Amino acid sequence: MIHRRSSTFLTRSSRAIALALTTILALSATRVQAQDREQHRVDAFTWSGTVAPGKRILIKNINGSIHVEHSSSGRVEVSAEKSWRRGNPDDVRIEQSKLDNEDVLVCAMWTADSRCDERGVHQERSTKWNDRNDVSVKFTLRVPDGVRVDVATVNGGLEVKGVTTDVRASTVNGSIEARSAGGPVRANTVNGSIHVSMESMGSADDLEYSSVNGSVTIELPASFGAQLDLSTVNGRVSTDFPMTISGSINPKHLRGTVGNGSTRFHVSTVNGSITLQKRM
């Protein structure tokens, strides 16, 4: 009887120890997961300077959004915030430079061998992306009257408002909303919708808007005139403007002329509708 009681006691003790160890390990794992989910943020970059009217401010990003608004100071103002959960923000550098034509370029780069120009950020093909580095850079850009805007990212949305001249906006995974009191506005994405509004077409000869997974809505001045080519696969095409149709009428593909037809205007998507609206 004494031997049985001793065995029973040891068995119960072993179970208690095992349960305690399991609980400790579970709590540790929970803490690690919580730390992995915790969002860290830091103000990482600021720049302010003058850019001559008619010149461009270019922002080139890879992972993160870009927000553009009007500046009342007469100066271009750029700020950037880094956020991350498990990455190293020190691995991501942000640089500003002035191009030979007096345009100003600001870039966010994720690898040591990255380089950047007005076409975007480039890195050596042999360099592997660190999938543990989830650092995101959110840019805020303030632009005075007359300064042209060229913004691009890969993973992130773009929002442009309050500008008075032409805009170029490009992303891969994200939506674009761009409004200009001047014009024109050009926008392209792959996974996301596009909503563009412009008061003027300027002297643009060719305007293009494209997505793959997303609808495209464009608000245009009543005086809008262009040679249109609007096409979708899974969606519909509609326009507020009377147009002279070229070829057969197809709700998924319209070709024709509006007004004086002075601009070539091409809009395409695969999964989404295309809508041309008159500005109110």
Side-chain angles (χ1 to χ4, degrees), residues 36-47 56-71 76-96 104-111 114-123 127 129-143 148-163 167-180 185-197 208-217 269-272:
D36 202 45
R37 290 194 300 269
E38 185 179 355
Q39 184 82 30
H40 305 279
R41 289 184 175 85
V42 64
D43 294 332
F45 176 86
T46 59
W47 178 84
R56 293 181 298 169
I57 173 70
L58 302 93
I59 306 291
K60 304 298 179 181
N61 197 6
I62 293 178
N63 192 33
S65 62
I66 303 174
H67 174 82
V68 184
E69 59 190 40
H70 184 258
S71 170
V76 172
E77 303 167 13
V78 184
S79 62
E81 177 190 77
K82 292 180 183 178
S83 61
W84 69 98
R85 288 186 172 85
R86 60 181 181 276
N88 183 358
D90 294 335
D91 289 343
V92 181
R93 70 186 192 277
I94 302 172
E95 297 180 355
Q96 175 270 329
V104 172
L105 173 66
V106 179
C107 301
M109 291 170 282
W110 268 253
T111 60
S114 295
R115 57 185 178 83
C116 183
D117 56 32
E118 59 185 299
R119 295 176 298 163
V121 180
H122 315 277
Q123 67 182 45
T127 302
W129 178 267
N130 182 358
D131 60 4
R132 293 284 298 174
N133 190 357
D134 66 344
V135 177
S136 174
V137 177
K138 176 184 177 181
F139 280 100
T140 299
L141 168 64
R142 295 180 176 87
V143 183
R148 300 159 59 201
V149 172
D150 187 330
V151 290
T153 187
V154 176
N155 297 308
L158 303 176
E159 182 183 21
V160 182
K161 60 183 182 180
V163 301
V167 173
R168 289 182 181 269
S170 175
T171 185
V172 176
N173 298 307
S175 295
I176 299 174
E177 182 169 353
R179 299 175 178 272
S180 174
V185 177
R186 296 173 172 86
N188 296 277
T189 185
V190 176
N191 297 307
S193 61
I194 295 174
H195 189 163
V196 163
S197 177
E208 181 176 345
Y209 309 86
S210 65
S211 180
V212 174
N213 297 307
S215 295
V216 181
T217 302
T269 185
V270 176
N271 298 309

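Bear in mind the structure is a predicted one, so any value in this text is a computation, not a measurement.
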Contact summary for Ser211 and Gly192, nearest pair of heavy atoms: OG-O, 2.8 Å

Could you check whether any side-chain N or O of Lys82 sits under 3.5 Å from a backbone N or O of Pro89, counting only pairs where one atom can act as donor and the other as acceptor? yes

Non-hydrogen side-chain atoms of Val92 and Trp84 separated by less than 4.5 Å: no

Side-chain heavy-atom pair Asp150, Lys60 within 4.5 angstrom cut-off: yes

Please report the closest heavy-atom contact between Val196 and Ala187, naming both atoms and the distance. CG2-CB, 4.0 Å

Quick check on Arg142: does its CZ atom have over 12 non-hydrogen neighbours (other residues, nucleotides or ligands) under 6.0 Å away? no

Heavy atoms of Ser215 and Gly272 approach each other most closely as OG-CA, 3.6 Å

Reported NZ-to-CG distance for the pair Lys138 and Asp43, which is rounded to 0.5 angstrom: 11.0 Å

Quick one: closest heavy-atom pair of Asp134 and Arg86, and the distance? OD1-N, 3.3 Å

Evaluate the side-chain proximity of Asp91 to Val135: yes if any heavy-atom separation is below 4.5 Å, no if none is. no

Within the supplied structure, the quantity of interest is the number of heavy atoms (other residues, nucleotides, ligands) at a distance under 6.0 Å from Arg168 CZ; does it exceed 12? no

Taking all non-hydrogen atoms of both residues, which atom of Val106 and which atom of Gln96 are closest, and how far apart? CG2-CG, 4.0 Å

Do the non-hydrogen side-chain atoms of Phe45 and Val137 ever get within less than 4.5 Å of each other? no

Please check: side-chain N/O of Tyr209 versus main-chain N/O of Val185, any donor-acceptor pairing under 3.5 Å? yes

Salt bridge or not for Glu69 and Lys161, using N-O below 4.0 Å? no

Checking side-chain contact (heavy atoms from CB on, under 4.5 Å) between Ser136 and each of Asn155, Asn63, Ile62, which is the one that passes? Asn63

Can a side-chain donor-acceptor contact be found between Ser170 and Asn188 if the only test is distance below 3.5 angstrom? no

Testing Ile176, Ile194, Thr189 one by one against Val216 for a side-chain contact (heavy atoms from CB on, under 4.5 Å), which residue passes? Ile194

So do Gln39 and Arg85 actually touch side chain to side chain, heavy atoms under 4.5 Å? yes

Can a donor-acceptor pair be found, under 3.5 Å and without considering hydrogens, that links the side chain of Ser175 to the backbone of Ser193? yes

Return the minimal non-hydrogen interatomic distance between Asn61 and Ala108, and the atom names on each side. OD1-CB, 3.5 Å

Side-chain donor or acceptor of Thr153 paired with backbone N/O of Gly64 under 3.5 Å: yes

Stepwise, does the side chain to side chain contact (heavy atoms under 4.5 Å, CB included) test hold for Glu95 with Cys116? CA-CA 9 Å; Glu95 297 180 355; Cys116 183; over 6 Å; no

Distance-only, no hydrogens or angles: does the Thr171 side chain make a donor-acceptor pair with backbone N or O of Gly156 under 3.5 Å? yes

State, yes or no, whether a side-chain contact exists between Val76 and Val104 at a heavy-atom distance under 4.5 Å. no

For the CD atom of Glu159 and the CG atom of Leu141, what is their distance to the nearest 0.5 Å? 12.0 Å

